[in-house]
Amino acid sequence: QVLVAESGGGLVQPGGSLRLSCAAEKFTLDLVTIGWFRQAPGKGREELTCMTAGHEKTKYTDPAKGRFNFYVDYHTNRMYLQMNNLRPGDTAVYYCAASLTILHPCTGGPGDYDLWGQGTQVTVSS
């Protein structure tokens, strides 16, 4: 079952912006912990941002702070990652994720999530 699916990736020049979207099915985003991750070639999956259930808290890791914005449209049950001032180092496959079986305060890592999208490629290059 495909319960979450990312879109919006592509090729962008340094300094440009992209907005990633993640559509969720069969569950409500405001009831679970959700987040965005990325994985560059040959590297592990890196957390970018996490939002606790009910939007009580939103956490950004250092690569995302000041440049990326994580928000949810609860009417359409979609989550978004607005990425600004992109750099070549942002090149990676980006994933949306949700934790359906546990509720956590965004203090863990990828292992705390049990629902993942297929990923969308973001390439930042001139």
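Both backbone and side-chain heavy atoms feed into the values below; hydrogens, waters and symmetry mates do not.
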Kindly write out the residues that satisfy salt bridge (charged side-chain N to carboxylate O under 4.0 Å, His left out) with Arg67, not counting sequence neighbours, or none if the list is empty.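 With sequence neighbours excluded, Arg67 shows a salt bridge (charged side-chain N to carboxylate O under 4.0 Å, His left out) to Asp90, given in chain and number order.
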With Lys57 via salt bridge (charged side-chain N to carboxylate O under 4.0 Å, His left out) - residues at least two apart: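 Residues passing salt bridge (charged side-chain N to carboxylate O under 4.0 Å, His left out) with Lys57: none at all.
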A side-chain contact here means heavy atoms from C-beta on lying under 4.5 Å apart; do [X] and [Y] qualify?
X: Val122; Y: Leu20; result: yes
X: Val93; Y: Thr120; result: no
X: Arg78; Y: Ser7; result: yes
X: Glu6; Y: Trp36; result: yes
X: Met51; Y: Cys106; result: no
X: Phe70; Y: Ile34; result: yes
X: Asn77; Y: Phe27; result: no
X: Pro88; Y: Pro14; result: yes

Step by step, would you call Gln121 with Thr91 a side-chain contact (heavy atoms from CB on, under 4.5 Å)? CA-CA 8 Å; Gln121 176 71 46; Thr91 297; 4.0 Å; yes
Walk me through whether Val12 and Thr123 qualify under side-chain contact (heavy atoms from CB on, under 4.5 Å). CA-CA 6 Å; Val12 63; Thr123 301; over 6 Å; no
Could you tell me whether a side-chain N or O of Asn84 sits under 3.5 Å from a main-chain N or O of Ser17, the two making a donor and an acceptor?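 Checking the backbone N and O of Ser17 against the side chain of Asn84, no donor-acceptor pair under 3.5 Å is found.
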Donor on one side chain, acceptor on other, Thr52 and His55, under 3.5 Å: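 Result is no, nothing qualifies.
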Between the side chains of Tyr80 and Arg19, does any donor sit under 3.5 Å from an acceptor?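 No, because no side-chain N or O of Tyr80 sits under 3.5 Å from a partner of the opposite role on Arg19.
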Before you tell me yes or no, could you show the steps for Asp112 and Ser99 under side-chain hydrogen bond (donor to acceptor under 3.5 Å, both in side chains), namely the whole-Å CA-CA distance, both residues' side-chain angles and the distance that decides it to 0.1 Å? CA-CA 7 Å; Asp112 293 331; Ser99 180; over 6 Å; no
Would Arg38 and Glu47 pass as an ion pair if we require N to O under 4.0 Å?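 Here Arg38 does not pair with Glu47 in a salt bridge, since their nearest N and O are not under 4.0 Å apart.
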Phe68/Leu48 under side-chain contact (heavy atoms from CB on, under 4.5 Å): CA gap, chis, key distance, verdict: CA-CA 9 Å; Phe68 296 177; Leu48 296 171; 4.3 Å; yes
Quick check: closest heavy atoms across [X] and [Y], and the distance to 0.1 Å?
X: Tyr71; Y: Gln82; answer: CE2-CB, 4.3 Å
X: Met79; Y: Gly35; answer: CE-O, 3.4 Å
X: Cys22; Y: Val4; answer: SG-CB, 3.7 Å

Assess the pair Phe37 and Trp116: is the distance between their ring centroids shorter than 6.0 Å?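 Between Trp116 and Phe37, which both carry aromatic rings, the centre distance is below 6.0 Å.
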Row check, Tyr95 ring normal vs Arg45 NZ/CZ: under 6.0 Å, within 45°: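 Judged by the rule, Arg45 and Tyr95 form a cation-pi pair.
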Before giving the answer on side-chain contact (heavy atoms from CB on, under 4.5 Å), spell out for Leu18 and Leu86 the whole-Å C-alpha distance, their side-chain angles and the decisive distance to 0.1 Å. CA-CA 8 Å; Leu18 284 174; Leu86 287 163; 4.1 Å; yes
Apply ring-ring contact (aromatic ring centres under 6.0 Å, His included) to His104 and list each qualifying residue two or more places apart in sequence or on a separate chain.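 ring-ring contact (aromatic ring centres under 6.0 Å, His included) list for His104, sorted by chain: Tyr113.
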